[in-house]
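Here is the structure we will look at.
As the structure is a computational prediction, the values presented were derived from the model and not from experiment. Each residue takes its place number in the sequence, starting with 1.
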Amino acid sequence: MCIAAPAQVIEINKEDNFLIADFGGARQQAKLDLLPDVEIGEYVLIHAGFAIEKLSEEAAKESLEAWEELLEVLEEEDIEMEKARNERFNQ
């Protein structure tokens, strides 16, 4: 299974057929073969080095909010696991 998070297009190089997209501060290059009409500012999903789907701004923001919630839960779980691990070693 593959999970993709929305990324906002920040740069397009038509000559070399790629874009640069921003994932909340992390940047990734992707080929434009499947989305030749994408524009700067739009949101895309990237898989295996290709921009594979354009998203509306609303859909992208909903997805990003869901990702933020998931990451918060995972971070809380990591903290709880670390506490449990420390308690075991300090007994």
Side-chain angles (χ1 to χ4, degrees):
M1 179 173 82
C2 178
I3 299 174
Q8 189 171 32
V9 178
I10 58 172
E11 183 180 326
I12 295 175
N13 182 324
K14 292 282 188 185
E15 184 177 313
D16 294 324
N17 197 43
F18 71 86
L19 61 78
I20 303 291
D22 179 75
F23 288 92
R27 294 182 176 188
Q28 181 176 355
Q29 182 174 311
K31 294 183 180 184
L32 288 168
D33 296 13
L34 303 173
L35 295 177
D37 61 338
V38 72
E39 296 181 15
I40 291 175
E42 292 184 309
Y43 288 86
V44 296
L45 295 179
I46 296 174
H47 175 67
F50 289 86
I52 61 170
E53 183 178 345
K54 278 200 287 189
L55 299 173
S56 69
E57 186 170 349
E58 181 180 333
K61 288 185 179 187
E62 287 175 8
S63 181
L64 289 169
E65 287 173 7
W67 272 104
E68 286 177 23
E69 290 175 18
L70 175 62
L71 292 173
E72 286 175 13
V73 168
L74 292 173
E75 186 175 330
E76 289 172 10
E77 287 182 1
D78 283 347
I79 291 169
E80 291 301 317
M81 288 179 69
E82 186 64 28
K83 284 180 186 177
R85 191 176 302 121
N86 288 337
E87 288 173 4
R88 267 186 273 149
F89 288 122
N90 292 327
Q91 289 181 354

Checklist line | Shortest non-hydrogen contact from R85 toward E82 | finding: NH1-OE1, 2.6 Å

Check: Counting N and O atoms only, with roles assigned by atom type, does the side chain of Q8 sit under 3.5 Å from a partner on the main chain of G41, one being a donor and the other an acceptor?
Finding: yes

Note to self: For the CG atom of L35 and the CG atom of D37, what is their distance to the nearest 0.5 Å?
What the structure shows: 6.5 Å

Check: Can you tell me how far CG of D22 sits from CD of Q28, rounded to the nearest 0.5 angstrom?
Finding: 11.0 Å

Check: From K83 NZ over to R88 CZ, what is the distance, rounded to the nearest 0.5 angstrom?
Finding: 14.5 Å

For residues 57-79, tabulate all N or O donor-acceptor pairs below 3.5 Å that involve a side-chain atom, not counting sequence neighbours.
{"unit_1": "E57", "atom_1": "OE2", "unit_2": "K61", "atom_2": "NZ", "d": "2.9"}

Check: Between CG of L34 and NZ of K54, what distance do you get to the nearest 0.5 Å?
Finding: 12.5 Å

Item checked: Closest heavy-atom pair and its distance - I12, L32 -> CG2-CD1, 3.9 Å

Item checked: K14 versus V38, closest heavy-atom pair with distance -> NZ-O, 4.2 Å

Notebook entry, point to check: Quick one: are N13 and Q29 in side-chain contact, heavy atoms under 4.5 Å?
Noted result: no

Checklist line | Reported CD1-to-CD distance for the pair I40 and E11, which is rounded to 0.5 angstrom | finding: 7.5 Å

Check: How would you list, by chain and number, every residue that makes a side-chain contact (heavy atoms from CB on, under 4.5 Å) with L45, sequence neighbours excluded?
Finding: A4, P6, I52, E53, L55

